[in-house]
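Below is one structure, written out as C-alpha cells, with a few remarks after it.
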Amino acid sequence: MKKRSALLEYAALLLAVERYAESGYDVTSRNLVKGRLFRVKTTSIGHPWNFSWYEVSRGNRSFELFTNAKVAGDFQDGGTYVVDVAVLPAGAIAKARGQGPAFRGFDNDQLLTFIESKSLTVYPMLLAQFVGIALEIKPAFVRGPRRPRGHLRDGHFDPTLVALGTFSSTADKIVAHYPARGYLLNIVVRFDTEASSGSFGTIVREMSPRMPAAP
Amino acid sequence: MSHQTGSAVQTADASVGLSFLLVSRALLRAAIEDLPYALRENVLDYASFVEAVAPERAAEMDLELDGEQRDRVVFFAGLLHLREVVAGQLALVEVAARGHVNRDVRGLRIGNEDVRPGSRYVGRMRQLRGELDELLASAGLSRSAGRLSDAIELVVVAES
C-alpha cells in the first residue's frame, strides 16, 4: 500500500500543478532522476533536495510544489507536521539544502497552502481530523473568513482534502456547512474516478477560491 | 469443481459459473492470498464490514438473506471492493505514468521501482483488473457493478 499511497500523493501533486497551470502558470519539473523519472518523496524521511518537485511560474512569481514536506505548525510550540502536498515559495528547497543535515522542516510561513490525501471514504471523523490539521498548520483558513495576503492574487487554492472514496453518513451535510462556519477548505471525493477521466479540470475549476471564468 | 466451506462441501454446476458455488469469507481469503498484505487486509476488513451490514442492506431492498446467502454476498462484495481498489490505483498509476501536465516527466520512481506507461507494475495492475473483470463477469456482475446492493441482488436473483 506504500505504492498506493505514493501514487495518490503524486496524483494530488498533479492536481495542484494543474490548478496553477489553469491559472496561467508555466510548469517545470525539477531534479528528475535518470530516465526523466520524477522521484517521489513518499515519507517524512529523507531530505527534500534529494527528490523531485514541480516549479510553477507566472510573471515574477514562482512556487515549488512538493510531496511529504515537513513543516512547522503555526503555534510555535515545536510541533512539526508532514503534509502530503506543500506549496512553497521558490527557493525554499534550495534554502533547505543550505542548512544541510540541520534542516528540520520548512518554516510555517513558507507553507502557502497544502493538500492531504486519504485512500478512504470521507466520514465525519476524517473531516474533523482534517479541520484539526488545518487549525494546527494554517489556522487562518478555519478561524476567520480572511485569507492570507497574496493568496487570491497568486491563485493559490485553499487547503484541500483529497479522498478516493465518497461521502458517508452525514459527511456531505457537514461539508455543506463549512462556508457558514467560515472554513475555507476544499473536500474532494472520488478522486480516482476523476483521475481516470484523464484530467483534473472539473476539480480544479471547482476548488476554492473559484477561478475566474475564462474570457 | 468443489469447494469446502465452514460447514459443507458443495459441487458447482460448471454451466452456471461461480454464482452457485457455496462461497464464503474463507474462500475470499484464499482467493486473495497472493496479493500484498496491506491490500489483502483492506479487502478482508471490508468483508467484515459487509458481514455486519448485509442483512440490513438487504432488508432495505425488501430482501432477506439466509446464512449461506450472506456468505456469498460477502464473497462477491469483497471481490467488487477489490476491483474498485485496483481500478482506482490503476487510474492513478496511468495518470502518474504518462507524465500528465509536464511532458518532460516520463514516469515515476517510487522507492526502487519505476512506474512508467509500459512498466511491469502497470502491466501487473492492468492484468489484475482484467482478471477481476473476467471473474466477476462469469458470475453475472457487469463492469459497472460495484455496490453492496449489486452483490445482494446477484445472490438473491441467482436463486430465484
Side-chain angles (χ1 to χ4, degrees), chain A residues 1-22 25-30 32-43 46 51-56 65 67 117 119-121 162-166 190-200 204, chain B residues 32 35-46 49-50 53 57 80-122 124-126 128-129 143-144 146-148:
Chain A
M1 294 309 267
K2 175 184 173 182
K3 196 178 278 98
R4 186 184 185 207
S5 296
L7 288 167
L8 176 55
E9 288 161 2
Y10 181 75
L13 178 67
L14 291 183
L15 172 66
V17 167
E18 188 163 334
R19 165 78 179 201
Y20 287 99
E22 284 274 318
Y25 281 82
D26 294 321
V27 179
T28 307
S29 54
R30 296 293 188 200
L32 300 181
V33 296
K34 188 178 174 183
R36 303 206 65 80
L37 300 180
F38 189 102
R39 189 178 179 212
V40 185
K41 188 172 188 289
T42 60
T43 68
F51 297 86
S52 307
W53 67 90
Y54 285 105
E55 183 176 302
V56 297
L65 281 61
T67 59
S117 60
S119 304
L120 294 169
T121 298
V162 160
L164 294 184
T166 185
R190 297 201 69 87
F191 185 53
D192 52 339
T193 304
E194 294 291 332
S196 66
S197 73
S199 168
F200 296 125
V204 158
Chain B
I32 63 174
L35 295 178
Y37 170 81
L39 182 55
R40 208 166 60 231
E41 291 303 304
N42 178 298
V43 173
L44 292 176
D45 283 348
Y46 179 75
F49 164 74
V50 168
V53 304
R57 185 70 189 96
L80 286 172
H81 176 71
L82 174 61
R83 181 171 71 179
E84 191 175 323
V85 169
V86 169
Q89 193 166 3
L90 187 56
L92 295 176
V93 162
E94 289 178 335
V95 164
R98 68 173 176 255
H100 208 57
V101 171
N102 186 296
R103 294 180 184 177
D104 282 347
V105 178
R106 299 280 183 261
L108 306 183
R109 166 95 29 94
I110 298 175
N112 293 325
E113 187 153 5
D114 293 350
V115 179
R116 308 167 198 253
S119 69
R120 195 176 63 160
Y121 177 72
V122 176
R124 274 204 323 262
M125 293 300 299
R126 285 197 186 118
L128 180 56
R129 169 67 201 260
R143 284 179 64 105
S144 61
R147 298 170 301 177
L148 174 56

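Below, chains carry the letters A, B, ... as their sequence lines are ordered, and counting in each starts from 1.
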- CZ-CD1 distance between F38(A) and I110(B), expressed to the nearest 0.5 angstrom: 10.5 Å
- Item | R126(B) atom CZ: more than 12 heavy-atom contacts under 6.0 Å | yes
- Query: Quick one: what part of V33(A) sits under 4.5 Å from any heavy atom of chain B, side chain, backbone, both or neither?
  - Reply: side chain
- Message: Please classify the contact between K34(A) and chain B as side chain, backbone, both or neither, with a heavy-atom cut-off of under 4.5 Å.
- Response: backbone
- When the 4.5 angstrom heavy-atom criterion is applied to L164(A) and chain B, the contacting part is side chain
- What residues form a side-chain contact (heavy atoms from CB on, under 4.5 Å) with A16(A), not counting sequence neighbours? L65(A), V85(A), I115(A), F157(A)
- Query: chain A heavy atoms under 4.5 Å from E113(B): which part of the residue, side chain, backbone, both or neither?
  - Reply: side chain
- Flag side-chain contact, heavy atom, 4.5 Å: Y54(A) against V105(B): yes
- Task: Indicate yes or no for a side-chain donor-acceptor contact from R39(A) to the backbone of R109(B) under 3.5 Å, with no hydrogens or angles considered.
- Result: no
- Message: Take a 6.0 Å sphere around CZ of R124(B) and say whether it holds more than 12 heavy atoms from other residues, nucleotides or ligands.
- Response: yes
- Would you say the side chain of L37(A) lies within less than 4.5 Å of the side chain of R116(B), judging by non-hydrogen atoms? yes
